[in-house]
J.: 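Pasting a structure here, questions to come.
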2 protein chains.
Amino acid sequence: MLPMERNLESINILRRAGLRSTPQRLAIVREVFSRHHPTVAEVYDALRREFPTIGLATVYNTLRTMTEKGLVHELPFVNATRFEVNLTPHANLVCTRCGEIEDSEVFEDGFLNEMRQRASAAAGFEPEGQRIDIYGLCRSCAEQTANKL
Amino acid sequence: MLPMERNLESINILRRAGLRSTPQRLAIVREVFSRHHPTVAEVYDALRREFPTIGLATVYNTLRTMTEKGLVHELPFVNATRFEVNLTPHANLVCTRCGEIEDSEVFEDGFLNEMRQRASAAAGFEPEGQRIDIYGLCRSCAEQTANKL
DNA sequence: TTTACTGCAAAGGGTTTGCATGAGG
DNA sequence: CCTCATGCAAACCCTTTGCAGTAAA
């Protein structure tokens, strides 16, 4: 995507959510959606080069607002709160060694629906969304571990 | 389970993990395993009647140690860090209205294994464990909502 | 007797809030 | 113009750490 297109898209994202398009917000939106599971600190650090005076509170406030508007989902981890940008149903493959988080789209064929239906049938629960983390070793960490044996 | 049996079980749990059995720890273990997804604050508040001088740091330290020894799992939520006591594979049904968290054992027949295998096949990932939260309305909140329509 | 645990207080880190200034619609 | 967003600083949790006293093994 060209920078200009991305900028227009960011404006539309904000407008649809009923938010004003300030230069800081456009940059935050661009930065958040160009990353996989960013933290506030990561977004803040990335933007300080472009906006040396940007406040950490601005990033916090904007991400809270974006969460309230449903643009992203909050994803609390043990060491940091991350933000889920990919709102299509998927699992997060979380490497317990290097910390990498990879999206896994394993639900193409109604797999997720079956899980929801089971939960629903068993407990009278009405599912709206889900968080699925699979913890283990990513490919490269698994290979490194195997080589040491 | 009778109180005496529970006490003996708590001692064994601590011993197997290589931890000393102090009166405070026995009470923490009892309290943690008698709850579903306790927070540090909930355990602390429950124990202050029995141990008026117990320190909040003691509860924090003990739960951190228990996590390191694999007795419980840390489960960060947006508003609080909870602890997973049920280490058998299951989903947490999290009510977005009242906050209730219910365990759902929907994986009796290898459902979970299939999910793991898909992740593994697609990404070369070696799964070790998982966290599955399903967000929505619990039975009673769903019924209340339906009645208002 | 040695080592680990407790409890208190202080420090630390992440997140929110209050307020004056400034910019968007 | 009026409202909302920014940036700074202070306040606010929640959690960890340091340390002296104490109890477990």
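Letters go in sequence order (proteins before strands), and every chain restarts at 1.
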J.: Could you go step by step and tell me if A:I132 and A:N92 meet the side chain to side chain contact (heavy atoms under 4.5 Å, CB included) rule?
T.: CA-CA 6 Å; A:I132 300 175; A:N92 296 125; over 6 Å; no
J.: For A:Y60 and C:dT15, is the shortest distance between a side-chain N/O and OP1 or OP2 below 4.0 Å?
T.: yes
J.: D:dA23 P sits how many Å from B:Q24 CD, rounded?
T.: 10 Å
J.: Between D:dT6, D:dC8, C:dG7, spot the one nearest the side chain of A:T62, thanks.
T.: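 Nearest nucleotide to the side chain: D:dT6.
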J.: To the nearest Å, how far apart are B:L56 CG and D:dC14 C1'?
T.: 9 Å
J.: Is it the case that B:D103 and B:H37 place a side-chain donor and acceptor less than 3.5 Å from each other?
T.: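 Side-chain D/A pair, B:D103 to B:H37: present.
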J.: Once each nucleotide of nucleotides 18-25 of chain C is scored for protein heavy atoms under 4.0 Å, what B/S/- sequence comes out, 5' to 3'?
T.: -----BBS
J.: Does A:E126 come within less than 4.0 Å of B:R139, counting only side-chain N to carboxylate O?
T.: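 Here A:E126 does not pair with B:R139 in a salt bridge, since their nearest N and O are not under 4.0 Å apart.
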J.: Does the Lys NZ or Arg CZ of A:R118 fall within the cation-pi geometry relative to B:F111 - under 6.0 Å from the ring centre and within 45° of the axis?
T.: yes
J.: From CZ of B:R25 over to P of D:dT22, roughly how many Å is that when rounded to an integer?
T.: 19 Å
J.: How long is the line joining CZ of B:F83 and P of D:dC14, in whole Å?
T.: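 Interatomic distance, CZ of B:F83 to P of D:dC14: 14 Å.
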J.: How far does CG of A:L19 sit from CE of A:M66, to the nearest 0.5 angstrom?
T.: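 Answer rounded to 0.5 Å: 8.5 Å.
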J.: Please tell me if A:T81 has a side-chain N or O lying less than 4.0 Å from either OP1 or OP2 of C:dT15.
T.: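 For C:dT15, OP1 or OP2 has a side-chain N or O of A:T81 closer than 4.0 Å.
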J.: If you take any heavy atom closer than 4.0 Å to DNA chain D, which residues from residues 41-51 of chain A end up in contact?
T.: none
J.: Check for a donor-acceptor pair, side chain of B:T65 on one end and backbone N or O of B:N61 on the other, with a separation under 3.5 Å.
T.: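 Looks like yes, one N/O pair under 3.5 Å.
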J.: Starting at CE of A:M66 and ending at C1' of D:dA5, how long is that distance when rounded to a whole Å?
T.: 15 Å
J.: Using a cut-off of 4.0 Å on non-hydrogen atoms, how would the nucleic acid contact of B:T58 be classed: base, sugar-phosphate, or nothing?
T.: base
J.: Which whole-number value in Å describes the distance from A:R64 CZ to C:dT17 C1'?
T.: 9 Å
J.: Under a 3.5 Å cutoff, is there a donor and acceptor pairing between the side chains of B:E84 and B:H36?
T.: no
J.: Is atom CZ of B:R97 surrounded by more than 12 heavy atoms (other residues, nucleotides or ligands) closer than 6.0 Å?
T.: yes
J.: For B:L63 and D:dT16, give me the distance from atom CG to atom P, rounded to whole Å.
T.: 10 Å
J.: To the nearest Å, give me how far apart CD1 (A:I28) and P (D:dA5) are.
T.: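 After rounding, the gap between these two atoms is 12 Å.
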J.: Does anything in residues 46-69 of chain B form a salt bridge (charged side-chain N to carboxylate O under 4.0 Å, His left out)? List the pairs, not counting sequence neighbours.
T.: B:R30-B:E50
